[in-house]
Amino acid sequence: MDIRQLRYFITVAEYLNFTKAANQLYVAQSAISHQIADLEQQLGLKLFIRNKRSVQLTPAGSVFLKEAIEIVEKTSGAIEKAKQTDAGVIGSLSIGFLSVHVRSFLPNVIKQFREIHPKVELYLNHFPSKMLKESLEEGEIDIALTLPAGLDRIEEIEIQSVAREPYCIVMHKNHPLSGHKKIKLSELANEPFIIHNRHASPVGSYDFIVHLCEQSGFTPRIVSQPRFVDTVPVLVESEIGISILPKSFEGVSSSSLRFVEIDGALDSDCELVIAWKKNNLNPSIQLFLDILEKEILTPIG
């Protein structure tokens with residue numbers, strides 16, 4: 001017994017006429033008669049009472065009709081769901097991200113994705129940078145929106161740039177230099193610095209900031225290394241010291257803080273990337289990339 005036989009049976013039962021059923025199915029009447037006879041033989045019972053004048057369902061045929069319709073509908077539904085899953089139209093997608101860096105675009109991308117692909121369930125989580133990369137490597141998330149440092153150590157990784165933003169000097173509004181539009185780092189040689197903890201910060205972030213200072217002729221005098229980056233602006237607001245953070249932190253920081261451009265620093269931009277593993281066959285990844293590309297107007301993939 002196969003789906004074709006069930007479709008033939010359902011159509012004959014609908015028209016109670018083999019000729020009309022054959023016309024509806026665009027097959028020869030003899031082919032339908034043969035398939036119905038074969039189906040009856042497999043079942044070991046008669047589905048129709050036939051004579052020269054009429055075709056009627058047997059009691060067994062009436063019961064079997066309900067089940068046959070359900071089987072065909074479920075089979076068709078299963079095939080369609082499989083096709084939609086293969087195309088990424090239904091399924092799930094797990095995304096990890098650094099919260100501050102994605103505020104300018106991610107909410108709108110998520111909104112668009114949900115509108116276009118309502119059957120794809122999104123799992124969205126903010127991770128610290130180190131955990132984000134570990135989750136991507138272990139396959140716990142499909143996509144990571146993160147800083148690029150350290151990603152090249154992950155096998156079979158795909159990385160595309162999403163956005164760049166400048167690192168800024170962060171200081172309290174009471175600081176004598178807070179009114180400047182630009183500040184040379186060399187002017188801050190004697191300042192106390194607050195830098196996100198070397199072991200907890202995004203891979204290379206601590207060393208990058210120290211390197212920027214050393215390029216300007218001094219080693220920063222670090223007075224605090226908080227474990228969480230969100231603590232850095234709080235400590236700067238407390239006037240314990242100054243710091244260097246990506247400009248995106250300005251939108252989530254106190255109005256008491258000033259984010260001042262670094263004057264003359266080379267390669268002082270913070271880059272955000274989207275990363276996923278080449279061997280991840282989740283088709284919803286590409287659907288997300290397509291929407292992200294339209295939102296940020298930068299080719300992805």
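In this chain, numbering begins with 1 at the start of the sequence shown.
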Legend entry - Salt-bridge criterion met for Lys74 and Glu70 (N-O under 4.0 Å): yes
Inset, instruction - Identify the heavy atoms of His196 and Tyr206 that sit nearest to each other, and give their distance. - result: O-CD1, 3.6 Å
Legend entry - Interatomic distance, Leu25 atom CG to Arg7 atom CZ [nearest 0.5 angstrom]: 9.5 Å
Legend entry - Glu261 versus His180, side-chain donor and acceptor atoms under 3.5 Å: no
Inset, instruction - Evaluate the salt bridge (Lys or Arg N to Asp or Glu O under 4.0 Å) criterion for residues Lys181 and Asp263: first the C-alpha distance (whole Å), next the side-chain angles of each, then the deciding distance (0.1 Å), finally the verdict. - result: CA-CA 9 Å; Lys181 291 185 177 180; Asp263 187 7; over 6 Å; no
Inset, instruction - Calculate, to the nearest 0.5 Å, the distance between atoms CG and CG belonging to Asn282 and Leu93 respectively. - result: 5.5 Å
Legend entry - Side-chain (Lys133) to main-chain (Leu147) donor-acceptor, under 3.5 angstrom: yes
Inset, instruction - Verify, without hydrogens or angle tests, whether Ser238 (side chain) and Ile240 (backbone) share a donor-acceptor contact under 3.5 angstrom. - result: no
Legend entry - Separation between CD of Glu140 and CE of Met131, rounded to the nearest 0.5 Å: 9.5 Å
Legend entry - Tyr123 reachable from Leu145 in the ILVMFWY side-chain graph, under 4.5 Å edges: no
Inset, instruction - State whether the number of non-hydrogen atoms from other residues, nucleotides or ligands found under 6.0 Å of Glu155 atom CD is greater than 12. - result: no
Legend entry - Under-4.0 Å salt bridge between Glu156 and Lys277: no
Inset, instruction - Please state whether the rings of Tyr167 and Phe208 are parallel, tilted or perpendicular, taking 30° and 60° as the class boundaries. - result: tilted
Legend entry - Joint cluster assignment, Leu124 & Val102, ILVMFWY side-chain distance < 4.5 Å: yes
Inset, instruction - State, with a plain yes or no, whether a side-chain heavy atom of Phe218 is found less than 4.5 Å away from one of Leu185. - result: yes
Inset, instruction - Please check if the side chain of Ser186 supplies one atom and the backbone of Ser216 the other of a donor-acceptor pair under 3.5 Å. - result: no
Legend entry - Side chain to side chain, Leu151 and Thr146, heavy atoms closer than 4.5 Å: yes
Legend entry - Connected via hydrophobic side-chain network under 4.5 Å: Val223 and Val229: yes
Inset, instruction - Kindly check if the number of other-residue, nucleotide or ligand heavy atoms within 6.0 Å of CG (Asn190) is above 12? - result: no
Legend entry - Val162 side chain reached by Leu292 side chain, heavy atoms, under 4.5 Å: yes
Legend entry - Side chain to side chain, Pro246 and His101, heavy atoms closer than 4.5 Å: yes
Legend entry - Test item: Val55 and Asn17 side chains (from C-beta on) under 4.5 Å apart, heavy atoms: no
Inset, instruction - Would you indicate whether the side-chain heavy atoms of Pro220 and Val210 approach each other to under 4.5 Å? - result: yes
Legend entry - Common cluster, Val236/Val100, ILVMFWY with side-chain heavy-atom separation under 4.5 Å: yes
Legend entry - Closest non-hydrogen atom pair between Ser224 and Leu235, with its separation: OG-CD1, 3.3 Å
Legend entry - Closest non-hydrogen atom pair between Ile183 and Met171, with its separation: CD1-CE, 3.7 Å
Inset, instruction - Taking all heavy atoms of Ser284 and all of Phe113, pick out the closest pair and write down the distance. - result: O-CE1, 4.2 Å
Legend entry - More than 12 heavy atoms from other groups under 6.0 Å of NE2 on His126: yes
Inset, instruction - For Pro233 and Leu257, work out which heavy atoms get closest and say how close. - result: O-CD1, 3.6 Å
Legend entry - Arg164 atom CZ, neighbour heavy-atom count above 12 within 6.0 Å: yes
Legend entry - Interatomic spacing from CG in Leu6 to CD in Glu73 - rounded to 0.5 Å: 12.0 Å
Inset, instruction - Could you state whether Ile69 and Tyr15 fall into the same hydrophobic cluster, counting links through intermediate Ile, Leu, Val, Met, Phe, Trp or Tyr residues with side-chain heavy atoms under 4.5 angstrom apart? - result: no
Inset, instruction - Please check if any side-chain donor atom of Gln42 sits under 3.5 Å from a side-chain acceptor atom of Gln5, or the reverse. - result: yes
Inset, instruction - Check the side chains of Ser161 and Glu271 for a donor-acceptor pair under 3.5 angstrom, ignoring hydrogens and angles. - result: yes
Legend entry - CD1 on Ile244 to SG on Cys270, rounded to 0.5 Å: 12.5 Å
Inset, instruction - Output yes when Glu40 and Arg50 qualify as a salt bridge under the 4.0 Å nitrogen-oxygen rule, no when they do not. - result: yes
Inset, instruction - Check Phe9 against Ile36 and note the closest heavy-atom contact, atom names and distance. - result: CA-CD1, 3.5 Å
Inset, instruction - Would you please say whether a donor-acceptor pair under 3.5 Å links the side chains of Thr19 and Gln29? - result: yes
Inset, instruction - Keeping the roles fixed (side chain from His117, backbone from Lys119), state whether a donor-acceptor pair exists under 3.5 Å. - result: no
Legend entry - Main-chain N/O of Arg258 paired with Ser178 side-chain donor or acceptor, under 3.5 Å: no
Inset, instruction - Rounded to the nearest 0.5 Å, what's the gap from CG on Asp152 to CD1 on Ile159? Could you check? - result: 6.5 Å
Inset, instruction - Could you tell me whether Glu187 and Lys184 have a side-chain N and a carboxylate O separated by less than 4.0 Å? - result: no
Inset, instruction - Check whether any side-chain heavy atom of Arg114 sits under 4.5 Å from a side-chain heavy atom of Leu122, and report yes or no. - result: yes
